[in-house]
Amino acid sequence: MPSDGKLRLGVNIDHVATVRNARGGAYPDPLRAAKLAEEAGADGITAHLREDRRHISDADIDGLMEVLTVPLNFEMAATAEMQAIALRHKPHAVCLVPEKREERTTEGGLEVAREENRLAHYIAPLREAGCRVSIFIAADKRQIEAAHRIGAEVIELHTGAYCDAHAEGDVDTRDRELEGLREMSAYAHALGLEVHAGHGLTYDTVQPVAAFPEVMELNIGHFLIGESIFLGLGPAITEMRRLMDEARDG
Ligand code: PXP
């Protein structure tokens with residue numbers, strides 16, 4: 001997504017595909033959700049093609065590349081198979097995430113520091129193909145510096161620990177996690193990285209993160225898809241957008 005200073009919202013549609021796949025049919029259709037999200041003001045669509053194809057399928061990615069007018073943020077593990085798929089499609093952005101088969105969701109950030117050499121080689125052709133490479137990492141100086149050294153343009157900070165602490169009512173941990181996110185957003189920005197954030201964000205947790213001036217984009221999925229059962233997808237997104245703008249302007 002281009003950098004125009006406004007806080008952008010990327011809507012992750014993975015869990016529309018999760019519901020579809022629960023019955024193995026064609027609905028609900030993630031492409032329809034993506035178009036609706038666009039109409040409701042999403043600045044981009046995020047989709048994670050997992051190695052086990054548990055939600056988004058290869059055909060969904062083909063379809064998204066065809067129908068979207070906003071940028072696609074293609075989330076993937078740093079494997080040879082995914083690199084080939086990304087190079088075929090050349091999405092606007094590629095976000096590298098760690099992936100474990102047994103996890104329910106992306107549990108932690110990518111270990112960049114220990115895999116610096118391999119990842120530097122891995123992302124080079126993606127960058128040459130014109131994809132903005134983003135790395136999903138914990139709010140940790142070592143990982144941020146490594147992401148910067150390998151040539152990533154963007155980091156996405158994992159907000160899961162902050163959101164979990166909030167949900168558990170553990171105020172000390174929540175505040176500590178939030179402070180870490182704040183400091184590391186500023187640190188990464190000062191290095192010249194574009195800063196995104198996401199994972200587990202809800203109406204209750206989005207505003208403190210949206211208020212960080214260095215954060216340019218939030219990627220939000222599970223809560224929005226869940227909320228759309230009650231409000232509809234468009235209104236659920238509109239409310240998230242409103243809260244983000246309020247936090248940013250306030
Ligand atoms: N950003 C990244 C890199 C993710 O892996 C995910 C989850 O797929 C999200 C954002 C969105 O998280 P959630 O679905 O919890 O809002």
Side-chain angles (χ1 to χ4, degrees), residues 1 7-19 21 30 33-34 37 42-56 60-61 64 71-78 82 86 91-101 103-112 131-139 143-144 147 152-167 177 181 185 188 193-207 209-210 215-229 233 236-237 239-241 243-244:
M1 284 170 243
L7 178 60
R8 300 184 300 263
L9 171 61
V11 173
N12 181 317
I13 55 160
D14 292 350
H15 297 303
V16 178
T18 302
V19 177
N21 295 359
D43 301 291
I45 297 296
T46 295
H48 183 178
L49 185 66
R50 278 185 169 265
E51 207 186 343
D52 62 9
R53 311 299 199 266
R54 73 173 70 154
H55 38 58
I56 293 294
D60 292 331
I61 298 295
L64 287 168
L72 175 66
N73 177 30
F74 179 53
E75 262 188 49
M76 61 182 222
M82 291 301 152
H92 170 80
V94 164
C95 180
L96 296 184
V97 300
E99 210 177 282
K100 286 189 245 138
R101 271 189 191 244
E103 72 188 354
R104 266 186 294 178
T105 181
T106 314
E107 281 165 4
L110 193 66
E111 175 49 62
V112 197
C131 302
R132 276 173 80 72
V133 174
S134 165
I135 317 259
F136 190 43
I137 51 177
Q143 304 298 344
I144 293 170
E153 292 160 286
V154 182
I155 56 154
E156 180 167 333
L157 294 176
H158 197 309
T159 52
Y162 154 68
C163 293
D164 287 349
H166 175 85
E177 291 293 337
L181 289 164
S185 298
L193 289 159
E194 182 169 313
V195 182
H196 300 177
H199 205 281
L201 292 169
T202 66
Y203 293 155
D204 291 335
T205 51
V206 73
Q207 287 199 311
V209 181
V215 172
M216 298 306 297
E217 179 178 311
L218 298 179
N219 283 301
I220 308 181
H222 186 260
F223 175 81
L224 283 175
I225 303 307
E227 198 63 11
S228 72
I229 294 170
L233 186 57
I237 291 170
E239 175 60 4
M240 189 61 86
R241 175 87 263 167
L243 289 166
M244 285 165 58

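Numbering of ligands and ligand atoms starts at 1, following listing order. Hydrogens, waters and symmetry mates are skipped; everything else that's a heavy atom, side chains included, is used.
Checking side-chain atoms of Y203 against main-chain N and O of A236 turns up a donor-acceptor pair under 3.5 Å. Counting only distance, with no hydrogens or angles, the side chain of E99 and the backbone of E51 share a donor-acceptor pair below 3.5 Å. When atom types are taken as modelled, the side chain of N219 and the backbone of N12 share no donor-acceptor pair closer than 3.5 angstrom.
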Can you list the steps and then say if H48 with E75 is a side chain to side chain donor-acceptor pair (under 3.5 Å)?
-> CA-CA 4 Å; H48 183 178; E75 262 188 49; 3.3 Å; yes
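Every N/O-N/O distance between H15 and ligand 1 stays at or above 3.5 Å. The shortest N/O to N/O separation between G221 and ligand 1 falls below 3.5 Å.
The side-chain contact (heavy atoms from CB on, under 4.5 Å) test applied to A17 returns R20, P30, H55, I56, D60, not counting sequence neighbours.
If you number the atoms of ligand 1 from 1 as listed, the ones under 4.0 Å from a heavy atom of G200 come out as 12 (O), 13 (P), 15 (O), 16 (O). Listed by number with element, the atoms of ligand 1 under 4.0 Å from a non-hydrogen atom of V97 are 3 (C). The distance from ligand 1 to the heavy atoms of I220 drops below 4.0 Å at these ligand atoms: 16 (O).
Nearest heavy-atom pair, A138 versus Q143, reported as atom, atom and distance to 0.1 Å: O-CB, 4.5 Å.
Residue N12 touches ligand 1 through its side chain alone, judged by heavy-atom distances below 4.0 Å.
Across E156, H48, H55, heavy-atom proximity to atom 10 (C) of ligand 1 is greatest for E156.
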